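First the structure, in the form of structure tokens, and then the observations on it.
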Amino acid sequence: MKHVTRAQIHVFQDKVFLFYKTNGRKLPWRKTTDPYMILLSEFMLQQTQVPRVILYYKKWIKRWPTIHHLATASRKEVLQMWMGLGYNKRALSLHKTVQIISQTYRGDVLLAMNHFRTLPGVGLYTSNAVQIFAANEDIVTVDTNIRRIFIHEFHLPQDTSKKELWALAKQCLPNGKSRTWHNALMDYGSLVLTAKKTGIAPCTRQSRFEGSDRQIRANILRILLVSSFSYSELSEKIDVDNTRLRKILEKLIREEIIILQNKRYQIREERSN
DNA sequence: CTCCAGCTGG
DNA sequence: CCAGCAGGAG
């Protein structure tokens, strides 16, 4: 375990806070502490850049201002409102999570975060982020920005374990200032210590999009959001061999995103459980 | 080509 | 531990 002195931590904190004071971004989800709205923003921000999330976030809180509104929305509209943000399954995970929180936790988002393993699409990062930004809890979270900052600032190897990074994050947390601290870290990471500038690669990289199953999945969903189609109709609209198309459709059914009913593929409205 | 306020199932 | 998962901007 890398040793970091209190003095080093203090210098580091001052530097980040000083930057944030004059260069911090004004983002819509920073104007609220409503746990539902924070949860919404965190779902959208998973692997998606801030600039693209802003408009979607505003659109969503206007359409579904409370957790109850979203919990009772149709899955089709949820997908339509999400379309373009990417990783469409996230939208349905968010919808399901909000329904669970509404039904099982009486709409108490913060309470539910303590049981995040029961919530689809919510991992340790998101659970802690919601508690930090909504309630200023004295806990930490480490995203790709914060990881990059720690590796750069304390000269750690790029393969530093998650456990060690989180431990270091705890040492650096200024108690009582968790919300501001994490906002400041994220701005410092995305505006100053960028991936390009530091040469620190993210821990998860992905395969190319062009010609991928992901691209085809997105096409299928776009088409099924307009109307339901039979297999033959669908295969005419999507230029891909039958074996592959069948396989992708099977997977979408397995993931409970679409359903085959009366020989027609369509967006699944309700989940089984 | 790269990256992005990650999560999930195998 | 790893591959898969959207889409757009640099």
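Remember, it's a predicted structure, so these values are computed and weren't measured experimentally. To find a chain, count down the sequence lines: A is the first, B the second, and so on, and within it residues start at 1.
- Screening A:Tyr87, A:Phe43, A:Trp60 against A:Trp82 for a ring-ring contact (aromatic ring centres under 6.0 Å, His included) leaves a single residue, A:Trp60.
- A:Thr160 and A:Arg147 share no side-chain donor-acceptor pair at under 3.5 Å.
- A 6.0 Å sphere centred on NZ of A:Lys170 holds no more than 12 heavy atoms belonging to other residues, nucleotides or ligands.
- When all heavy atoms are compared, the tightest approach of A:Ser228 to A:Gln266 is CB-CB, 3.8 Å.
- Counting any heavy atom pair closer than 4.0 Å across all strands shown, A:Leu221 reaches no nucleic acid atom.
- When all heavy atoms are compared, the tightest approach of A:Met113 to A:Leu119 is CE-CD1, 3.8 Å.
- A:Ala218 comes within 4.0 angstrom of the backbone, heavy atoms only, and of no base.
- Contact annotation for A:Gln206: base contact, defined as any heavy-atom pair under 4.0 Å involving a base atom.
- Residue contacts shown for A:Arg148 are limited to sugar-phosphate atoms, with no base heavy atom under 4.0 Å away.
- Taking for each of A:Lys196 and A:Asp213 the nucleotide of DNA chain C with the nearest heavy atom, the 5'-most of the two is the partner of A:Asp213.
- B:dA5 and C:dA3 have their P atoms separated by 23 Å, given to the nearest Å.
- At the heavy-atom level, A:Trp29 lies under 4.0 Å from base atoms of the strands shown.
- A:Thr126 comes within 4.0 angstrom of sugar-phosphate atoms only, judged by non-hydrogen atoms across all strands, and of no base.
- Checking A:Thr204 against A:Ile200, the closest nucleotide of DNA chain B that is more toward the 5' end is the one next to A:Ile200.
- No engagement by A:Ile146 is indicated, since no non-hydrogen atom pair under 4.0 Å with the nucleic acid exists.
- Side-chain contact between A:Leu79 and A:Asn88: present, with at least one pair of heavy atoms (C-beta onward) separated by less than 4.5 Å.
- Between A:Asp213 and A:Arg244 there is a salt bridge, since at least one side-chain N of the basic residue sits less than 4.0 Å from a carboxylate O of the acidic one.
- Taking a heavy-atom distance under 4.0 Å as the criterion, the stretch of DNA chain B touched by chain A extends 5' to 3' from B:dC1 to B:dT8.
- A donor-acceptor contact closer than 3.5 angstrom is absent between the side chains of A:Asn219 and A:Arg222.
- No engagement by A:Lys162 is indicated, since no non-hydrogen atom pair under 4.0 Å with the nucleic acid exists.
- Note that the first and last nucleotides of DNA chain C, 5' to 3', having any atom under 4.0 angstrom from a heavy atom of chain A are C:dG4 to C:dG8.
- When heavy atoms are screened at a 4.0 angstrom cut-off, A:Met83 is found touching the sugar-phosphate backbone but no base atom.
- Comparing B:dC4 with C:dC1, their C1' atoms are spaced 22 Å from each other, to the whole Å.
- A:Arg222 comes within 4.0 angstrom of the backbone, heavy atoms only, and of no base.
- Nucleic acid contact for A:Arg208: sugar-phosphate only, since backbone atoms but no base atoms lie under 4.0 Å from a heavy atom of the residue.
- The aromatic rings of A:Tyr57 and A:Trp29 sit perpendicular to each other, their planes meeting at more than 60°, with 30° as the lower class boundary.
- A:Arg217 and A:Glu255 are joined by a salt bridge, as a carboxylate oxygen and a charged side-chain nitrogen come within less than 4.0 angstrom of each other.
- Residue-level contact check: A:Val122 touches the backbone only, with heavy atoms under 4.0 Å from sugar-phosphate atoms and none from bases.
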